[in-house]
Amino acid sequence: MAASAREDGARGQEQGRRGCEHYDRGCLLKAQQTCEECSTLFGEYYCSICHLFDKDKKQYHCENCGICRIGPKEDFFHCLKCNLCLAMNLQGKHKCIENVSRQNCPICLEDIHTSRVVAHVLPCGHLLHRGYRCPLCMHSALDMTRYWRQLDDEVAQTPMPSEYQNMTVDILCNDCNGRSTVQFHILGMKCNICDSYNTAQAGGCRISLGQQ
């Protein structure tokens, strides 16, 4: 009985080395890109570290990340502080946050480090898969200048009712962190320092003195 089991195991190991269409499930199979016996190509790309088989997508293995990434490799560099591969155009031009990718996207909750979806590096240094404002620090994720100008036009074309026209409010700007007192408007309150509408009310509304 024991001898029979050893023979079956030996046959299994022998078959397992072959792979391809004559590979028996449960047998040993040495991971490699091609079959030693029939030269069948298992994957256009093969990583001997991750044992990843895939179509050719210009992948490369990053030792620091510990995983394979979609390249081409020459278009990316590994930031040691962020501990992440980033596009070459960000080299020396991004705000580093230690191990910034070792977290989930705060919007879609997918793991950023292993995701195949490209993460956007925000001016604040945080990473997002999508979104126009960082939910961690509330800074604008994109250059919103054009949108702020559109809001200027909408505010100018949308006068407030007479009882609100002299009302002011204290605001805190999420982009420049400045505080200012501005006229209240339902469409948004514009920062007097950086012209951003990415603001939050920091106090109650009040009627301007001398205009009551």
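Position 1 is the first residue of the sequence; numbering continues from there.
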Student: Would you check if the side chain of Glu110 reaches a backbone N or O of Cys108 as a donor-acceptor pair within less than 3.5 Å?
Tutor: no
Student: Return the CG to CG distance between Leu128 and Leu136, rounded to the nearest 0.5 Å.
Tutor: 7.0 Å
Student: Taking the side chain as every heavy atom from C-beta outward, state whether Val155 and Lys190 have any atom pair closer than 4.5 Å.
Tutor: no
Student: Using modelled atom types only, decide if a donor and an acceptor are shared between the side chain of His126 and the backbone of Pro106 within a distance under 3.5 Å.
Tutor: no
Student: Does Gln103 reach the main-chain N or O of Asn99 with its side chain, forming a donor-acceptor pair under 3.5 Å?
Tutor: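 No: the side chain of Gln103 does not pair with the backbone of Asn99.
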Student: Give the minimum heavy-atom separation between Tyr197 and Asp152, together with the two atoms involved.
Tutor: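 Heavy-atom minimum between the residues: OH-OD1, 2.7 Å.
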Student: Starting from the C-alpha separation in whole Å, work towards a yes-or-no answer on side-chain contact (heavy atoms from CB on, under 4.5 Å) for Gln150 and Asp153.
Tutor: CA-CA 5 Å; Gln150 292 176 355; Asp153 294 338; 5.5 Å; no
Student: Is it true that a side-chain atom of Thr199 and a backbone atom of Ile171 form a donor plus acceptor pair closer than 3.5 Å?
Tutor: no
Student: Does any N or O in the side chain of His120 come within less than 3.5 Å of the main-chain N or O of Leu122, such that one atom is a donor and the other an acceptor?
Tutor: no
Student: Mind checking the OG-CG spacing from Ser180 to Asp170? Nearest 0.5 Å is all I need.
Tutor: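 Between Ser180 OG and Asp170 CG, I get 8.5 Å after rounding to 0.5 Å.
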Student: To the closest 0.5 Å, what do you measure between SG (Cys205) and CG (Asn166)?
Tutor: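 Rounded to the nearest 0.5 Å, the SG-CG separation comes to 13.0 Å.
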Student: For residues Tyr46 and His51, report the shortest heavy-atom separation together with the two atoms involved.
Tutor: OH-ND1, 3.0 Å
Student: Hydrophobic cluster membership, with links at side-chain heavy-atom distances under 4.5 Å among I/L/V/M/F/W/Y: are Leu86 and Leu80 in one?
Tutor: no
Student: Consider only side-chain heavy atoms of I, L, V, M, F, W and Y, link residues closer than 4.5 Å, and tell whether Ile193 and Met144 are in one cluster.
Tutor: no
Student: Give a yes or no answer on whether the side chain of His129 reaches the backbone of Leu109 with a donor-acceptor pair at less than 3.5 Å.
Tutor: no
Student: Check Met189 against Phe184 and note the closest heavy-atom contact, atom names and distance.
Tutor: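 Where Met189 meets Phe184 most closely, the heavy atoms are SD-CD1, 4.0 Å.
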Student: Is any side-chain heavy atom of Thr168 closer than 4.5 Å to a side-chain heavy atom of Val182?
Tutor: no
Student: I'd like to know whether Leu187 forms a side-chain contact (heavy atoms from CB on, under 4.5 Å) with Thr158, so could you lay out the CA-CA distance, the side-chain angles of the two residues, the decisive distance to 0.1 Å, and finally the verdict.
Tutor: CA-CA 9 Å; Leu187 294 181; Thr158 313; 3.7 Å; yes
Student: Between Gln165 and Met160 (side chain of the first, backbone of the second, donor and acceptor by atom type, cut-off under 3.5 Å), is there such a pair?
Tutor: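 It does hold such a pair.
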Student: Minimum heavy-atom separation for Cys85 and Tyr60, please, with both atom names.
Tutor: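 Minimum heavy-atom contact is SG-OH, 3.3 Å.
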Student: Quick one: pull up OH in Tyr45 and CG in Leu52 and give me the separation to the nearest 0.5 Å.
Tutor: 6.0 Å
Student: Would you sort out whether Asp75 and Lys58 count as a salt bridge (charged side-chain N to carboxylate O under 4.0 Å, His left out), showing the intermediate values?
Tutor: CA-CA 10 Å; Asp75 289 349; Lys58 308 299 182 183; over 6 Å; no
Student: If I compare all heavy atoms of Asn192 with all of Thr181, which pair ends up nearest, and what's the gap?
Tutor: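 Shortest heavy-atom contact: ND2-O, 3.3 Å.
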Student: Yes or no on side-chain contact (heavy atoms from CB on, under 4.5 Å) for Cys65 and His61, after CA distance, side-chain angles and deciding distance?
Tutor: CA-CA 8 Å; Cys65 284; His61 181 86; over 6 Å; no
Student: Return the CG to NE2 distance between Asn89 and His94, rounded to the nearest 0.5 Å.
Tutor: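 So the gap between those two atoms works out to 11.0 Å.
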Student: Other residues, nucleotides and ligands only: do more than 12 of their heavy atoms fall within 6.0 Å of CD on Glu63?
Tutor: no
Student: side-chain hydrogen bond (donor to acceptor under 3.5 Å, both in side chains) for His78 and Asn83? Distances and angles first, verdict last.
Tutor: CA-CA 7 Å; His78 185 90; Asn83 203 6; 3.3 Å; yes
Student: Say whether Ile107 and Met138 are linked into one hydrophobic cluster, either directly or through other cluster members, by side-chain heavy-atom distances under 4.5 angstrom.
Tutor: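 Looking at the clustering, Met138 is in a separate group from Ile107.
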Student: Between CG of Leu127 and CD1 of Ile97, what distance do you get to the nearest 0.5 Å?
Tutor: 7.5 Å
Student: Which residues pass the side chain to side chain donor-acceptor pair (under 3.5 Å) test with Asp56, not counting sequence neighbours?
Tutor: none
Student: Determine, stepwise, if the pair Arg116 / Asp54 fulfils salt bridge (charged side-chain N to carboxylate O under 4.0 Å, His left out).
Tutor: CA-CA 13 Å; Arg116 291 193 175 190; Asp54 202 356; 3.5 Å; yes
Student: Between Cys82 and Glu98, does the side-chain contact (heavy atoms from CB on, under 4.5 Å) criterion hold? Intermediate values first, please.
Tutor: CA-CA 5 Å; Cys82 294; Glu98 191 169 0; over 6 Å; no
Student: Find out if a path of hydrophobic residues (ILVMFWY) with successive side-chain heavy-atom gaps under 4.5 Å connects Ile112 to Leu90.
Tutor: yes
Student: Side chains of Gln59 and Arg69, heavy atoms from C-beta outward: is any pair under 4.5 Å?
Tutor: no
Student: Consider only side-chain N and O atoms of His185 and Tyr164, and report whether a donor and an acceptor are under 3.5 Å apart.
Tutor: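 Absent: no donor and acceptor within the cut-off.
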Student: For residues 172-179, tabulate all N or O donor-acceptor pairs below 3.5 Å that involve a side-chain atom, not counting sequence neighbours.
Tutor:
unit_1 : atom_1 : unit_2 : atom_2 : d
Asn174 : ND2    : Asn198 : OD1    : 3.1
Asp175 : OD1    : Ser140 : N      : 2.8
Asp175 : OD1    : Ser140 : OG     : 3.1
Asp175 : OD1    : Asn198 : ND2    : 3.1
Asp175 : OD2    : Ser140 : OG     : 2.9
Asp175 : OD2    : Ser196 : OG     : 2.7

Student: Indicate if Met88 and Ile70 have the same hydrophobic cluster label, given that clusters are the connected sets of ILVMFWY residues with side-chain heavy-atom separations under 4.5 angstrom.
Tutor: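 They do not share one cluster, since no chain of ILVMFWY contacts under 4.5 Å joins Met88 to Ile70.
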Student: Check Cys124 against Lys95 and note the closest heavy-atom contact, atom names and distance.
Tutor: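 The pair with the smallest heavy-atom distance is O-CD, 3.2 Å.
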Student: Can Arg102 and Asp111 be counted as an ion pair, charged N to O under 4.0 angstrom?
Tutor: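 Not counted as a salt bridge, because no side-chain N and carboxylate O are separated by less than 4.0 Å.
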